[in-house]
*Asks:* 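The following block contains the structure, expressed as structure tokens.
So that the names make sense, note that chain A is the first sequence line, chain B the second, and so on, each numbered from 1.
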Amino acid sequence: MSIMAKSIEPLPRSFYNRGTVTTARALLNKHLVRVIGRTILIGRIVEVEAYGGRNDPASHAYRGATPRNKPMFGEPGHAYIYFTYGNHYCLNVTTQRVGVPGAVLIRAIEPLKGLGMMKRFRPGVPNLQLSNGPGKLTKALAIDRSLNEADLTRHGLLYIGKASSELLFTTKRSPRIGITLGIERLWRFYIESSQYVSRDVSGNRRTHRQYR
DNA sequence: GAGAAGATCTCCT
DNA sequence: GGAGATCTTCTCA
């Protein structure tokens, strides 16, 4: 039986209108839905990181509001998408009430539907490598700045819904990846059993070699 | 207006 | 394991 996108109901605003770490954890195993024309791409969220505000030196919001990080200060349940390293887009979900900055970085998804189109966006890449990193998954789902501030609580081009069935899984936590400050916080969460997370338990990058 | 750093990925050795 | 790519954003003068 195929997964019908319409059967996936977007998570309500209240899901995001709470603590960022709580929301990050709760986003695991939810379904990220991307609509491109008549095609529906769906990925199961398997890895996330929480980013706070003025008390979190690793966060874009640490020094207050800027034009870039504005969505982090806005309504919860919206996309915050930024461009980094001259190459990559990163997808975040805003949390907490208006005026309180917070966002969850989606770091990895497991492709569930629309694999063919994802592979067209990432030609020559093995399945396990399609979306096991923040820059990879935005490319696999054709997510760019045009979707910045998109409302994720509605049926639109991009939203997040509950999984059709709640699987049992074990959540692991670790320091966040790729930052130099705030590494004492264990604000990265991932599904232990998933093959699609970006790093293994010891923090090593998952490379092509390991899968050949 | 200049300079530096960056929530990354890929290729090369 | 390491470095280059590539460009946006922010900070500071």
*Asks:* Nearest whole angstrom, please: distance from the C1' of B:dT8 to the CD of A:E47.
*Replies:*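 It is 13 Å, rounded to the nearest whole Å.
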*Asks:* Residues two or more places apart in sequence or in another chain: which of them pass side-chain contact (heavy atoms from CB on, under 4.5 Å) with A:I183?
*Replies:*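 A:I179.
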*Asks:* List every contact pair, protein side and nucleotides 11-13 of chain C side both N or O, where the distance is under 3.5 Å.
*Replies:*
none

*Asks:* To the nearest Å, give me how far apart CD (A:Q129) and C1' (B:dT8) are.
*Replies:*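 That distance rounds to 14 Å.
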*Asks:* Expected output is a numbered-order residue list: members of residues 54-62 of chain A with a heavy atom under 4.0 Å from any atom of DNA chain B. What is it?
*Replies:*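 Those residues whose heavy atoms fall under 4.0 Å from DNA chain B, taken from residues 54-62 of chain A in numerical order, are A:A58, A:H60.
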*Asks:* Whole Å only: how far is the CZ atom of A:R188 from the P atom of B:dT8?
*Replies:*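 In whole Å, B:dT8 P and A:R188 CZ are 11 Å from each other.
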*Asks:* Does a side-chain N or O from A:R145 land closer than 4.0 Å to OP1 or OP2 of C:dT9, or not?
*Replies:*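 So the side-chain polar atoms of A:R145 do come within 4.0 Å of the phosphate oxygens OP1 or OP2 of C:dT9, strictly under.
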*Asks:* Answer yes or no: does atom CZ of A:F83 have more than 12 heavy-atom neighbours from other residues, nucleotides or ligands under 6.0 Å?
*Replies:*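 Counting neighbours around CZ of A:F83, more than 12 heavy atoms of other residues, nucleotides or ligands fall under 6.0 Å, so yes.
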*Asks:* Would you say A:Y196 and A:F189 are hydrophobically clustered, going by side-chain heavy atoms of ILVMFWY under 4.5 Å?
*Replies:*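 Looking at the clustering, A:F189 is in the same group as A:Y196.
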*Asks:* Which listed nucleotide (B:dG6, C:dC10, B:dA7) is nearest to the side chain of A:P67?
*Replies:*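 Ranking B:dG6, C:dC10, B:dA7 by closest atom to the A:P67 side chain puts C:dC10 first.
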*Asks:* Main chain of A:L186, side chain of A:R173: is a donor-acceptor contact present, judged purely on distance under 3.5 Å?
*Replies:*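 Checked: pair present.
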*Asks:* Just by modelled atom types, is the A:H60 backbone N or O under 3.5 Å from a matching donor or acceptor in the A:R63 side chain?
*Replies:*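 Side chain of A:R63 to backbone of A:H60, a donor-acceptor pair under 3.5 Å: no, none is there.
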*Asks:* Name all pairs fulfilling the side chain to side chain donor-acceptor pair (under 3.5 Å) condition that reach into residues 134-152 of chain A, sequence neighbours left out, sorted by first residue then second.
*Replies:*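 Listed by first then second residue: A:R13-A:D151, A:N132-A:K136, A:D144-A:S146, A:D151-A:T153, A:D151-A:R154.
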*Asks:* If you look at every strand shown and take non-hydrogen atoms under 4.0 Å, does A:I179 touch a base, only sugar-phosphate, or nothing?
*Replies:*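 Sugar-phosphate contact only - A:I179 comes under 4.0 Å of backbone atoms but never of a base.
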*Asks:* Can you pull out the residues from residues 116-123 of chain A that lie within a 4.0 Å heavy-atom distance of DNA chain C?
*Replies:*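 Contacting residues: none.
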*Asks:* Give the rounded distance in Å between these two atoms: CZ of A:R68 and P of B:dG6.
*Replies:*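 My rounded result for the distance is 11 Å.
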*Asks:* Sequence neighbours left out, what pairs pass salt bridge (charged side-chain N to carboxylate O under 4.0 Å, His left out) with at least one residue falling in residues 19-37 of chain A?
*Replies:*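 Counting only pairs at least two positions apart or across chains, no salt bridge (charged side-chain N to carboxylate O under 4.0 Å, His left out) contact touches residues 19-37 of chain A.
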*Asks:* Please table the atom pairs, donor to acceptor, closer than 3.5 Å between any side-chain atom in residues 117-125 of chain A and protein atoms at least two apart or in another chain.
*Replies:*
residue, atom, partner, partner atom, Å
A:K119, NZ, A:N127, OD1, 2.5
A:R122, NE, A:L130, O, 3.0
A:R122, NH2, A:Q129, O, 2.9

*Asks:* Calculate the interatomic distance between A:I81 atom CD1 and C:dT8 atom C1'; express it in whole Å.
*Replies:*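 Value for this atom pair: 15 Å.
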*Asks:* In whole angstrom, give the distance that lies between atom CZ of A:R176 and atom P of B:dG6.
*Replies:*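 Rounded to whole Å, this separation is 14 Å.
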*Asks:* To the nearest Å, how far apart are A:Y89 OH and B:dT8 C1'?
*Replies:*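 Atom-to-atom, A:Y89 to B:dT8, this comes out as 14 Å.
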*Asks:* Over 60° means perpendicular and under 30° means parallel, so classify the ring planes of A:Y80 and A:Y82, tilted if in between.
*Replies:*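 Tilted.
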*Asks:* When rounded to the nearest 0.5 angstrom, what is the spacing between CD1 in A:I42 and CG in A:L32?
*Replies:*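 Answer for the CD1-CG pair, A:I42 versus A:L32, is 9.5 Å.
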*Asks:* If we only count heavy atoms from C-beta on, is the A:V93 to A:L152 side-chain gap below 4.5 Å?
*Replies:*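 Heavy-atom side-chain distance check passes, below 4.5 Å.
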*Asks:* Out of curiosity, does A:L91 fall in the hydrophobic cluster containing A:Y190 (side-chain heavy atoms, cut-off under 4.5 Å, transitive links)?
*Replies:*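 Yes.
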*Asks:* Tell me the side chain to side chain donor-acceptor pair (under 3.5 Å) pairs involving residues 88-110 of chain A, sequence neighbours left out?
*Replies:*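 Every side chain to side chain donor-acceptor pair (under 3.5 Å) pair that includes a residue of residues 88-110 of chain A, provided the two are not neighbours, is A:T20-A:T95, A:R44-A:E110, A:E47-A:R107, A:R107-A:S198.
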*Asks:* Please work out if A:Y51 contacts a base, only the sugar-phosphate, or nothing of the nucleic acid, heavy-atom cut-off 4.0 Å.
*Replies:*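 Touches a base.
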*Asks:* Just to be sure I understand the rule, does A:K136 reach a base, reach only the sugar-phosphate, or reach nothing, if contact means heavy atoms closer than 4.0 Å?
*Replies:*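 Answer is sugar-phosphate: A:K136 comes under 4.0 Å of backbone atoms only.
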*Asks:* Decide whether A:L128 and A:I177 are clustered together by the hydrophobic rule: side chain heavy atoms of Ile, Leu, Val, Met, Phe, Trp, Tyr closer than 4.5 Å, transitively.
*Replies:*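 In one cluster: no.
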*Asks:* Could you list all N or O pairs between the protein and nucleotides 3-6 of chain C that sit under 3.5 Å apart?
*Replies:*
residue, atom, partner, partner atom, Å
C:dA5, N3, A:N87, ND2, 3.2
C:dT6, O2, A:Y85, O, 2.4

*Asks:* Run the side-chain contact (heavy atoms from CB on, under 4.5 Å) test against A:P67 and tell me which residues pass, sequence neighbours left out.
*Replies:*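 By the side-chain contact (heavy atoms from CB on, under 4.5 Å) rule, A:P67 matches no residue at all.
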*Asks:* Using whole Å, report how far CG of A:D144 lies from C1' of B:dT8.
*Replies:*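 Between C1' of B:dT8 and CG of A:D144: 17 Å.
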*Asks:* Using distance only, find each side-chain donor-acceptor pair of residues 51-58 of chain A under 3.5 Å and give its atom names and separation, not counting sequence neighbours.
*Replies:*
residue, atom, partner, partner atom, Å
A:Y51, OH, A:E49, OE1, 2.7
A:D56, OD1, A:A58, N, 3.1
A:D56, OD1, A:R176, NH2, 3.1
A:D56, OD1, A:R185, NH1, 3.4
A:D56, OD2, A:G52, N, 2.9
A:D56, OD2, A:R176, NH1, 2.8

*Asks:* Just by distance, no angles: are the side chains of A:Y16 and A:H78 close enough, under 3.5 Å, to form a donor-acceptor pair?
*Replies:*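 Judged by distance alone, the side chains do not pair up.
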*Asks:* Where does DNA chain B pair, written as one dot-bracket string 5' to 3', with Watson-Crick or G-U pairs under 3.5 Å, ( ) inside the strand, [ ] for crossing pairs and | for another strand?
*Replies:* ||||||.|||||.
